[in-house]
2 protein chains.
Amino acid sequence: MSKAEKTRQFIVEMTAPVFNEKGYAGTSLSDMTNATGLTKGSIYGNFASKDEVALAAFDHNLQQVTAIMAQETARQDTCRGKLMAYVQVYSNFLKHPFPAGGCPMLNTATEADDTHPALKQKAAEAILAWKDRLAAIVEKGIRNGEFSKKTDPEQTALTMIAMIEGCIMIAKLTGKMHYRNAIMQSVEKLIQAL
Amino acid sequence: MSKAEKTRQFIVEMTAPVFNEKGYAGTSLSDMTNATGLTKGSIYGNFASKDEVALAAFDHNLQQVTAIMAQETARQDTCRGKLMAYVQVYSNFLKHPFPAGGCPMLNTATEADDTHPALKQKAAEAILAWKDRLAAIVEKGIRNGEFSKKTDPEQTALTMIAMIEGCIMIAKLTGKMHYRNAIMQSVEKLIQAL
DNA sequence: TTTGTTTTATACCGATCGGTATATTTTTAT
DNA sequence: ATAAAAATATACCGATCGGTATAAAACAAA
């Protein structure tokens with residue numbers, strides 16, 4: 001790993017939480033130099049533009065989330081358990097190394113959907129990949145008799161994502177853990193009923 | 001209504017969709033002069049700061065949404081019908097005078113939760129008011145025997161909001177109407193099961 | 001250790017940022 | 001119609017924006 005690659009990685013790691021909290025438009029170059037302790041010259045020696053850093057930062061934030069998810073679902077051997085793992089992680093995401101600023105998909109989606117096509121596409125791909133992963137678990141559960149044959153895998157996946165992301169928004173906004181628990185309990189109920 | 005009041009109103013109406021699409025940090029004063037055709041002097045003659053316009057713009061966007069909601073729920077006489085009206089409005093919000101840029105609560109919540117306390121509080125109050133309105137409908141439905149006594153009004157309200165807001169995010173991000181329909185169908189199912 | 005090459009810092013660019021003092025125009029009340 | 005008051009436009013403020021040319025420094029290979 002060359003020095004430049006290390007610095008690139010370092011810049012991404014240090015700016016990723018800033019982008020996730022302040023958003024793309026709200027993060028300035030001086031925010032980036034503050035977060036890294038580097039100068040503009042150094043940053044622009046490793047990235048072509050602020051855009052390029054933002055895209056790499058999103059990838060980094062997303063990878064953090066998906067890594068946690070992969071780890072926690074791998075622990076479970078039943079399909080129901082795997083689905084439940086998502087609820088567990090999001091229910092106490094403070095206990096995991098979750099990106100500061102909350103869910104990067106939600107944050108990026110709402111900011112970029114009318115303003116930043118490249119970021120929007122990255123967020124869209126992330127949501128679709130998540131949906132496919134969830135739907136695959138549901139499908140497997142149907143095949144092995146764990147879930148009812150009447151279950152629609154894609155609909156179940158989309159509904160779970162909507163509930164979880166909506167839950168994150170409400171919980172972060174209001175600061176009420178009680179709300180988060182109530183919604184997550186509904187997700188659990190949904191999974192139990194499959 | 002004085003000239004100044006009319007201009008204030010005009011500024012809010014013209015900038016509200018811009019704030020909703022580009023966000024607070026992403027909307028500049030030149031965006032505001034472009035949207036209104038007015039000069040900075042004129043805007044600052046009616047508002048103390050960009051902040052003040054943004055807060056008024058949020059109120060305006062929110063009021064548009066709540067007005068549609070109030071109108072559509074008023075049409076229904078059953079509690080189940082009233083809840084279903086929310087699904088209907090959000091399912092085809094293109095047919096209503098919905099603010100450009102999507103749901104102002106979702107947009108403001110995700111942008112402002114780490115950056116703008118005043119906007120964050122406004123968004124939080126809006127979500128809480130919405131929750132209370134939904135919960136009140138559910139409570140009434142329980143009292144008049146329309147819904148099961150085992151239904152938890154607040155949990156139901158929070159779950160509906162999470163699903164709807166998550167649905168908006170996913171649908172706007174991916175552009176797939178099919179996804180929106182799938183999630184909204186899940187909300188319908190939830191309401192049917194009350 | 002020296003040399004050539006990367007990498008980083010300094011200094012600067014024009015443009016735009018949010019905001020304001022003041023002059024000019026438009027309303028409003030008489 | 002006219003004078004006083006209110007609203008709008010012009011011109012400008014210092015600060016910061018994203019970005020770059022270039023010089024200094026750190027690194028790697030010999």
Side-chain angles (χ1 to χ4, degrees), chain A residues 1-58 60 108 111-112 114-120 122, chain B residues 1-58 60 108 111-112 114-120 122:
Chain A
M1 201 185 212
S2 75
K3 186 83 206 302
E5 277 169 335
K6 249 188 240 178
T7 308
R8 255 186 87 98
Q9 179 77 5
F10 175 76
I11 293 170
V12 169
E13 275 172 22
M14 301 303 271
T15 59
V18 183
F19 275 110
N20 203 38
E21 284 177 357
K22 297 193 171 187
Y24 173 76
T27 301
S28 67
L29 273 173
S30 58
D31 286 327
M32 295 162 67
T33 58
N34 287 341
T36 56
L38 299 173
T39 60
K40 274 194 273 187
S42 176
I43 290 174
Y44 274 88
N46 292 283
F47 290 91
S49 62
K50 179 185 156 186
D51 245 80
E52 207 177 287
V53 185
L55 294 172
F58 174 80
H60 180 259
T108 305
E111 177 183 8
D114 288 314
T115 58
H116 198 301
L119 268 177
K120 175 182 177 178
K122 272 191 179 292
Chain B
M1 199 186 214
S2 74
K3 186 80 207 305
E5 278 169 334
K6 249 188 241 179
T7 308
R8 255 186 88 97
Q9 179 78 6
F10 176 76
I11 292 171
V12 169
E13 276 172 21
M14 302 302 271
T15 59
V18 183
F19 275 110
N20 203 38
E21 284 177 356
K22 297 192 171 190
Y24 173 75
T27 301
S28 66
L29 273 173
S30 59
D31 286 327
M32 295 161 68
T33 57
N34 286 342
T36 56
L38 300 172
T39 61
K40 275 194 273 187
S42 175
I43 291 174
Y44 274 87
N46 292 283
F47 292 91
S49 61
K50 179 185 155 185
D51 244 80
E52 206 177 287
V53 185
L55 292 172
F58 174 80
H60 180 259
T108 305
E111 178 183 7
D114 288 314
T115 58
H116 198 302
L119 267 177
K120 174 182 179 178
K122 273 192 178 289

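All values below were derived from every heavy atom in this structure, side-chain atoms included, with hydrogens, water molecules and symmetry-related copies excluded. Quick note on labels: first sequence line is chain A, next is B, and so on, each numbered from 1.
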May I have the distance from [X] (atom [atom1]) to [N] (atom [atom2]), rounded to whole angstrom?
{"X": "B:L29", "N": "D:dA11", "atom1": "CG", "atom2": "P", "value": "18 Å"}
{"X": "A:K40", "N": "D:dT22", "atom1": "NZ", "atom2": "C1'", "value": "15 Å"}
{"X": "A:I43", "N": "D:dC17", "atom1": "CD1", "atom2": "P", "value": "12 Å"}
{"X": "B:N34", "N": "D:dA9", "atom1": "CG", "atom2": "P", "value": "14 Å"}
{"X": "B:F47", "N": "C:dG18", "atom1": "CZ", "atom2": "C1'", "value": "16 Å"}
{"X": "A:D31", "N": "D:dA15", "atom1": "CG", "atom2": "P", "value": "18 Å"}
{"X": "B:M32", "N": "C:dT16", "atom1": "CE", "atom2": "P", "value": "18 Å"}
{"X": "A:Y24", "N": "D:dC17", "atom1": "OH", "atom2": "P", "value": "13 Å"}

* Asked: Rounded to the nearest 0.5 Å, how far apart are CG of A:L38 and CG of A:N46?
  ->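 Interatomic distance, A:L38 CG to A:N46 CG, rounded to 0.5 Å: 8.5 Å.
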
The side chain of [X] is closest to which nucleotide in this list: [options]?
{"X": "A:L38", "options": "C:dA9, D:dT20, D:dT8", "value": "C:dA9"}
{"X": "A:T7", "options": "D:dT8, C:dT8, C:dG18", "value": "C:dT8"}
{"X": "B:S28", "options": "C:dT8, C:dG19, C:dG18", "value": "C:dG18"}
{"X": "A:T39", "options": "D:dG18, C:dT10, C:dG18", "value": "C:dT10"}
{"X": "B:Y44", "options": "D:dT8, D:dG18, C:dG18", "value": "C:dG18"}
{"X": "A:K50", "options": "D:dC17, D:dG19, C:dG19", "value": "D:dG19"}

* Where each residue is assigned the nucleotide of DNA chain D containing its nearest heavy atom, which of A:G41 and A:S30 is assigned the position nearer the 5′ end? ->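 Closer to the 5' end of DNA chain D: A:S30.
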
* To do: With heavy atoms under 4.0 Å as the rule, sort B:T36 into base, sugar-phosphate or nothing.
  =>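 Here B:T36 touches no strand at all.
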
* Name the nucleic acid region contacted by B:T33, choosing base, sugar-phosphate or nothing; use a 4.0 angstrom heavy-atom cut-off, strictly under. =>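 The answer is nothing, as B:T33 stays clear of every strand by at least 4.0 Å.
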
* Around atom NZ of B:K22, are there more than 12 heavy atoms of other residues, nucleotides or ligands at under 6.0 Å? ->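 Not more than 12 within 6.0 Å, no.
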
* Has the side chain of A:N34 got a donor or acceptor atom that lies under 3.5 Å from a matching backbone atom of A:S30? ->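 Yes: the side chain of A:N34 pairs with the backbone of A:S30.
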
* Asked: Quick check: does any side chain N or O of B:K122 sit under 3.5 Å from a backbone N or O of B:A56, one acting as donor and the other as acceptor?
  ->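 Side chain of B:K122 to backbone of B:A56: no pair is present.
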
* Between A:G23 and A:E111, which heavy-atom pair has the shortest distance, and what is it? ->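 Reported closest heavy-atom pair: CA-OE1, 3.2 Å.
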
